[in-house]
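In the text below, chain A, chain B and the rest are named by the order of the sequence lines, each starting its count at 1. Bear in mind that the values here come from a model prediction, so they are computed numbers and not experimental data.
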Amino acid sequence: MSHDHDHAPITNGDEPAAAARAHALEELLVEKGVLRREDVREGIDWLVSRTPADGARLVARAWVDPEFKQRLLEDARAAALELGLDPGPSPVLVAVENTAHVHHMVVCTLCSCYPRALLGPPPDWYKSFPYRTRAVSDPRGVLTEFGVELDDDVELHVLDSTADRDPAPAGWQRGADRGRAGRARHPRLDDRRRSARAQASALIFSRARVFAGCR
Amino acid sequence: MTYRVGQRVRVAARPHEGHHRTPGYVKGKTGRIERVHAAFTNPETRAYGEDGLPEQRLYSVGFARGDHLVYVDIFEHWLKEAK
């Protein structure tokens, strides 16, 4: 293709390229009837309405109720549902406990899987390449930068939660445990939305606070 | 085969074009089965509009890496029993 004329550089204006791509994709999916604009808006509204408060409630209950803590460690999904919390679509939600002997970090090296339903959107650093690469190669160094100095005899366990699981394994009832009000949904969208958010989730807690990522 | 907690497994070192969820830094590495999750459809084919069948069992596999352990969720078809 010839390009012998002068013009200002072609840009997306102030819109980042990824946002432009997302909008183009949304236009196409709406045009093809795969999803509705309201679905996108509702999905975003739901996501940004989440905060770490629900995760904190889970942990606070575990502090005061040893039997609940045991159930949380065995099946965090069921424990969240027990408190009436929406654990999100991931079929596997794991809670791990920091102790005097073991410290945990969570990372998703392949993208940025995160228990959004319980903790809200991840902080930007959680999605950054430096965090995702260094969390598995130099986790103690990363922790030090966050102000966490572990004694040498504390084991450091890093959880790389990357598996991209189908949200509906055999025996798991679709929709039955959703905390959100039931409403008519486009069935294909429902599948896709679940897939998009159905990635691994892990929740860390200690006696002092709820963790996601490495704090 | 289904692996059990405590078994040593090696992650296949094979290259894979397209979507897959086995991080490169554990390919060819030996680890230990730490948790046995349920079976799920295969994201490698589901990502391209297929049904993802047959389902693959998912495991949490622990790898020793220097001064720390890393737990990675890996699907069964990437694992072989380590001798």
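- Closest of all the heavy-atom pairs between A:S137 and B:H68 is O-CE1, 3.9 Å.
- Environment of CZ in B:R14: crowded, with over 12 heavy atoms of neighbouring residues, nucleotides or ligands closer than 6.0 Å.
- Proximity to chain A (any heavy atom under 4.5 Å) is restricted, for B:T22, to the backbone atoms N, CA, C and O.
- Heavy-atom neighbours of chain A within the stretch residues 23-32 of chain B, taken at a separation under 4.5 angstrom, comprise B:P23, B:Y25.
- For CG of A:D124, the number of neighbouring non-hydrogen atoms (other residues, nucleotides, ligands) closer than 6.0 Å is 12 at most.
- When side chains are defined from C-beta on, A:V158 does not count as touching B:R65, because their heavy atoms never get closer than 4.5 Å.
- Contact of B:D67 with chain A is made through backbone and side chain together, with heavy-atom distances under 4.5 Å.
- Atom NZ of B:K80 is surrounded by 12 or fewer heavy atoms from other residues, nucleotides or ligands within 6.0 Å.
- Remark: A:F129 CZ is loosely packed, at most 12 non-hydrogen atoms of other residues, nucleotides or ligands lying under 6.0 Å away.
- Here B:D73 contributes atom CG and A:D160 contributes atom CG; the two are 8.0 Å apart, rounded to the nearest 0.5 Å.
- Here the CZ atom belonging to B:R21 is positioned 4.0 Å from the SG atom belonging to A:C111, to the nearest 0.5 angstrom.
- The shortest heavy-atom contact between A:A95 and B:R35 is O-NH2, 4.4 Å.
- The local environment of CD in A:E74 is crowded, with over 12 non-hydrogen atoms from other residues, nucleotides or ligands closer than 6.0 Å.
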